[in-house]
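Reviewing the structure listed below.
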Amino acid sequence: MEIKRQQEVVEAFHYDMRTQDMEEVETDLRVGFSPIESTDENYPKENSIIAARLEFRLVFEEYVLSGSVSQINHVINHKIEKQEDISQEEVDELVSPLFSIVQRMAYEVTEIALDKPGIQLNFQSAPE
């Protein structure tokens, strides 16, 4: 699958220290996709524009990282209009830059906030 990607957008990123009175929260990752119709009449009909978004809340003993990142992708020669038009492997390929940017931000922010080597996240899914 050929993808032309626009720049990732960090919509929100939060580092919150956990306190005694903080309500109990759980780690949560949500990936979403939205097809976008082109307003350009010259845009190739066989291509697709897909907005990918990752919302995350990563809970650790001392802190919580949360936020959302997104990216617009142009999928070349592959029309995607509904979920069945895309495989899990293609989904993974579309969202991998979003997970990468969260990994980078998590490492850098925790390194600065805690004054020690940053947290290294691993979002690889286990084989079923």
- Over 12 non-hydrogen atoms of neighbours within 6.0 angstrom of CD in Gln83: no
Please tabulate, for the side chains in residues 57-65, all donor-acceptor contacts under 3.5 angstrom to protein atoms that are two or more places apart in sequence or on a different chain.
residue	atom	partner	partner atom	Å
Arg57	NE	Glu26	O	2.8
Arg57	NH2	Glu26	O	3.2

- Going from OG on Ser96 to CZ on Phe123, what distance comes out if it is rounded to the nearest 0.5 angstrom? 12.5 Å
- Message: Would you say Val69 ends up clustered with Phe13 if hydrophobic residues are merged whenever their side chains have heavy atoms under 4.5 Å apart, either directly or through other cluster members?
- Response: yes
- Note on the structure: For Gln71 and Leu94, the nearest pair of non-hydrogen atoms, with its separation, is OE1-O, 4.2 Å
- Message: Do Phe99 and Val31 have side chains that approach each other closer than 4.5 Å (heavy atoms only, starting at C-beta)?
- Response: yes
- Could you pull out the closest heavy-atom pair between Asp40 and Ser38, with the gap in Å? N-OG, 3.0 Å
- Starting from the C-alpha separation in whole Å, work towards a yes-or-no answer on side-chain contact (heavy atoms from CB on, under 4.5 Å) for Ile86 and Phe33. CA-CA 11 Å; Ile86 189 167; Phe33 295 96; 5.6 Å; no
- Does a sphere of radius 6.0 Å around NZ in Lys4 hold more than 12 heavy atoms from other residues, nucleotides or ligands, not counting ones at 6.0 Å or beyond? no
- Say you draw a straight line from CG of Asp115 to OG1 of Thr110; how long is it, rounded to the nearest 0.5 Å? 11.5 Å
- Of all pairs that satisfy salt bridge (charged side-chain N to carboxylate O under 4.0 Å, His left out), the ones with a partner from residues 98-111, not counting sequence neighbours: none
- Query: Can you find a heavy atom in the side chain of Met1 that is under 4.5 Å from one in the side chain of Val75?
  - Reply: yes
- Task: Output all residues satisfying salt bridge (Lys or Arg N to Asp or Glu O under 4.0 Å) with Glu41, sequence neighbours left out; order by chain, then residue number.
- Result: none
- Partners meeting salt bridge (Lys or Arg N to Asp or Glu O under 4.0 Å) with Glu55 (sequence neighbours left out): Arg53
- Output the distance between atom CG (Leu98) and atom CD (Glu8), rounded to the nearest 0.5 Å. 7.0 Å
- Report the hydrophobic cluster partners of Ile49, with the cluster defined as I, L, V, M, F, W, Y residues connected by side-chain heavy atoms closer than 4.5 angstrom, directly or transitively. Ile36, Tyr43, Ile72
- Item | Glu37 and Glu81, any side-chain heavy atoms less than 4.5 Å apart | no
- Task: Could you tell me which non-hydrogen atom of Gln103 sits nearest to which non-hydrogen atom of Asn122, and how far apart they are?
- Result: NE2-CA, 4.0 Å
- Are Val9 and Leu29 joined in one hydrophobic group, where the rule is that I, L, V, M, F, W and Y side chains link up if heavy atoms are under 4.5 Å apart? no
- Query: Same cluster or not: are Tyr107 and Ile112 linked, directly or through other Ile, Leu, Val, Met, Phe, Trp or Tyr residues, by side-chain heavy atoms under 4.5 angstrom apart?
  - Reply: no
- Item | Sub-4.5 Å side-chain heavy-atom contact between Leu114 and Tyr15 | yes
- Task: Determine whether Leu54 and Val95 make a side-chain contact, defined as any pair of heavy atoms from C-beta on separated by less than 4.5 Å.
- Result: no
- Query: Is the closest side-chain donor-acceptor distance between Glu2 and His78 under 3.5 Å?
  - Reply: no
- Quick one: CZ on Arg5 to CD on Gln7, what's the gap to the nearest 0.5 Å? 11.5 Å
- Item | Residue pair Ile50 / Pro35: nearest heavy atoms and the distance that separates them | CD1-CA, 4.0 Å
- side chain to side chain contact (heavy atoms under 4.5 Å, CB included) filter on Thr19, not counting sequence neighbours, yields Asp21, Met22
- Item | Shortest non-hydrogen contact between Asn73 and Ala52, atoms and distance | ND2-CB, 3.8 Å
- Can you measure from CD1 (Ile76) to CD1 (Ile3) and round to the nearest 0.5 angstrom? 9.5 Å
